Amino acid sequence: MKLNEWLGIRFPFIQGGMANIATGEFAAAVSNAGGLGLIGSGGMNAEMLREHIKICKSKTDKPFGVNLMLMNPEVDRMAQIIAEEGVKIVTTGAGDPAKYIPMWKEHGMIVIPVVAAPILAMKMERCGADAVIAEGTESGGHVGEMTTMALVPQVVDVVSIPVIAAGGIADGRQLAAAYALGAIGVQVGTCLLASEECPIHEAYKDAVVKAKGSDTIVTGRIAGTPVRVLKNQMAREYVKKEREGADKMELEQFTLGSLRRAVFDGDTKTGSLMAGQVAGQLHEIRTIEEIFVAMENECQQVLKQLGGCA
């Protein structure tokens with residue numbers, strides 16, 4: 001069973017819940033293009049989340065979901081709002097969603113936590129998750145340590161629920177590889193930054209499509225809050241301060257508001273340009289549907305070629 005068959009969507013793609021980017025309107029655009037759009041709760045308060053759910057409902061009749069960022073100070077209220085608004089699919093990140101799963105299951109919701117290690121996937125299955133998203137360190141934003149190539153098969157081997165691959169996936173070759181590793185579909189984020197519908201500033205998009213393969217860096221490894229971003233003045237200075245022993249408070253002040261500066265103001269010097277390593281594969285701005293169709297078609301060609309090699 002492929003992800004699209006399970007969720008009733010056209011393509012086996014989930015859109016990542018990117019903070020300050022994954023709005024209700026953008027989630028609707030992804031769903032209308034045939035993927036599963038997600039509203040990202042990072043950067044929102046509870047009532048903002050409710051409003052974005054309503055916006056998404058008004059712009060699509062296709063399935064969509066919410067990504068709940070569990071470190072949000074209003075997470076308890078947000079978890080209730082997702083259920084109250086009749087959202088059918090929820091993904092989670094940056095924490096343990098176990099306390100909310102019984103409530104969500106009572107509302108008939110599909111629960112898909114994001115995990116960065118096999119042991120976390122096992123725990124989520126025991127807690128009642130319907131599937132897990134195994135996200136490798138190649139991804140943009142908050143990252144774990146394991147690569148997608150190593151993580152996905154290890155997760156597949158230790159759980160009986162479906163596994164969705166994420167991290168380092170932007171074309172049909174990588175989709176085919178995800179299937180080979182045992183995933184039923186993929187979550188994508190960075191490749192959607194280079195879409196016409198993505199609400200980020202044009203300067204942010206331009207930086208993504210101009211990036212080379214080695215143009216990302218992970219900040220916060222020493223502090224225990226690793227985040228993958230495009231290299232720029234802010235990222236280099238952050239890493240330098242980190243290596244010099246700056247305390248957590250100083251580092252937090254250094255990055256305060258940096259994602260919003262990137263997304264809304266197009267600040268490519270001091271903004272946090274979150275993006276994964278696949279940025280080096282992205283060279284043009286396309287519609288979401290064009291991105292999805294190209295990935296699916298290329299994947300089918302790759303699988304056909306591999307079949308001929310068997």
Side-chain angles (χ1 to χ4, degrees), residues 1-7 9 12-17 35-36 38 65-71 75 79 88-106 108-170 173-190 218 221 224-228 276-278 299 302-303 306:
M1 179 185 64
K2 294 291 189 286
L3 178 64
N4 51 308
E5 297 167 347
W6 179 37
L7 298 181
I9 56 180
F13 309 137
I14 295 177
Q15 163 238 316
L36 180 75
L38 292 182
V66 169
N67 172 261
L68 184 62
M69 204 280 283
L70 294 160
M71 292 175 64
V75 62
K88 296 303 181 186
I89 303 165
V90 60
T91 69
T92 65
D96 184 350
K99 65 184 282 190
Y100 307 115
I101 292 178
M103 173 183 66
W104 288 336
K105 300 303 288 183
E106 286 177 8
M109 295 168 60
I110 293 173
V111 181
I112 313 176
V114 176
V115 299
I119 192 168
L120 298 175
M122 295 169 65
K123 179 179 181 182
M124 292 300 96
E125 182 176 31
R126 289 195 301 269
C127 291
D130 297 284
V132 291
I133 297 168
E135 184 174 66
T137 193
E138 299 95 322
S139 67
H142 294 275
V143 296
E145 289 293 331
M146 294 184 71
T147 64
T148 303
M149 184 69 79
L151 174 63
V152 174
Q154 290 184 49
V155 171
V156 168
D157 286 348
V158 297
V159 299
S160 59
I161 55 178
V163 177
I164 298 145
I169 299 165
R173 295 169 297 178
Q174 290 154 331
L175 174 59
Y179 287 145
L181 297 174
I184 66 166
V186 299
Q187 176 175 283
V188 294
T190 301
V218 177
R221 281 204 190 278
T225 54
V227 177
R228 186 177 298 283
Q277 291 180 331
V278 294
C299 176
V302 169
L303 293 176
L306 290 174

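Quick caveat: nothing in here was measured; it's all calculated off a predicted structure.
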Enquirer: To the nearest 0.5 angstrom, please state how far the CD1 atom of I184 sits from the CH2 atom of W6.
Expert: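 Rounded to the nearest 0.5 Å, the CD1-CH2 separation comes out at 5.5 Å.
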Enquirer: Which atom pair, heavy atoms only, marks the closest approach of A79 to W104?
Expert: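 Heavy-atom minimum between the residues: O-NE1, 3.1 Å.
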Enquirer: Output the distance between atom CZ (R173) and atom CG (L303), rounded to the nearest 0.5 Å.
Expert: 13.5 Å
Enquirer: How many angstroms lie between CG in D157 and CE in M122, if you round to the nearest 0.5 Å?
Expert: 11.0 Å
Enquirer: Count the heavy atoms of every other residue, nucleotide or ligand shown that sit under 6.0 Å from NZ of K123, and state whether that count exceeds 12.
Expert: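 No - once you tally the heavy atoms of other residues, nucleotides and ligands closer than 6.0 Å, there are 12 at most.
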Enquirer: Mind checking the CD-CD spacing from Q187 to E135? Nearest 0.5 Å is all I need.
Expert: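 The CD atom of E135 is 6.0 Å from CD of Q187, to the nearest 0.5 Å.
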Enquirer: From L3 CG over to L7 CG, what is the distance, rounded to the nearest 0.5 angstrom?
Expert: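 Rounded to the nearest 0.5 Å, the CG-CG separation comes to 4.5 Å.
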Enquirer: For a quick test of reading the model, state the closest non-hydrogen atom pair linking L70 to A94 and the distance between them.
Expert: CB-O, 3.6 Å
Enquirer: What's the shortest heavy-atom distance between V278 and Q174, and which atoms?
Expert: CG1-NE2, 4.0 Å
Enquirer: Can you tell me how far the CD atom of Q154 sits from the CG atom of L181, to the nearest 0.5 Å?
Expert: 11.0 Å
Enquirer: Using side-chain contact (heavy atoms from CB on, under 4.5 Å) as the criterion, point out the one residue from I112, V155, D130, V132 that pairs with I161.
Expert: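 Result for side-chain contact (heavy atoms from CB on, under 4.5 Å) with I161: V132.
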Enquirer: Considering all heavy atoms of both residues, which atom of N4 and which atom of P12 are nearest to each other, and what is their separation?
Expert: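 For N4 versus P12, the nearest heavy atoms are OD1-CB, 3.6 Å.
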Enquirer: Where do L38 and G17 come nearest, in terms of heavy atoms and distance?
Expert: CD1-N, 4.2 Å
Enquirer: Pick one: which of I164, V186, V152 meets side-chain contact (heavy atoms from CB on, under 4.5 Å) with I133?
Expert: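 Only one option passes, and that is I164.
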Enquirer: Tell me which donor-acceptor pairs under 3.5 Å the side chains of residues 137-144 have, and how far apart each pair is, sequence neighbours excluded?
Expert:
unit_1	atom_1	unit_2	atom_2	d
T137	OG1	G144	O	2.8
E138	OE1	T148	N	3.0
E138	OE1	T148	OG1	2.9
E138	OE2	T148	N	3.3
S139	OG	G136	O	3.2

Enquirer: For M124 and V115, which heavy atoms make the closest approach, and how far apart are they?
Expert: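 Nearest heavy atoms, M124 then V115: CG-CG1, 4.0 Å.
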Enquirer: May I ask you to check whether over 12 heavy atoms, not counting those of M103, lie within 6.0 Å of atom CE?
Expert: yes
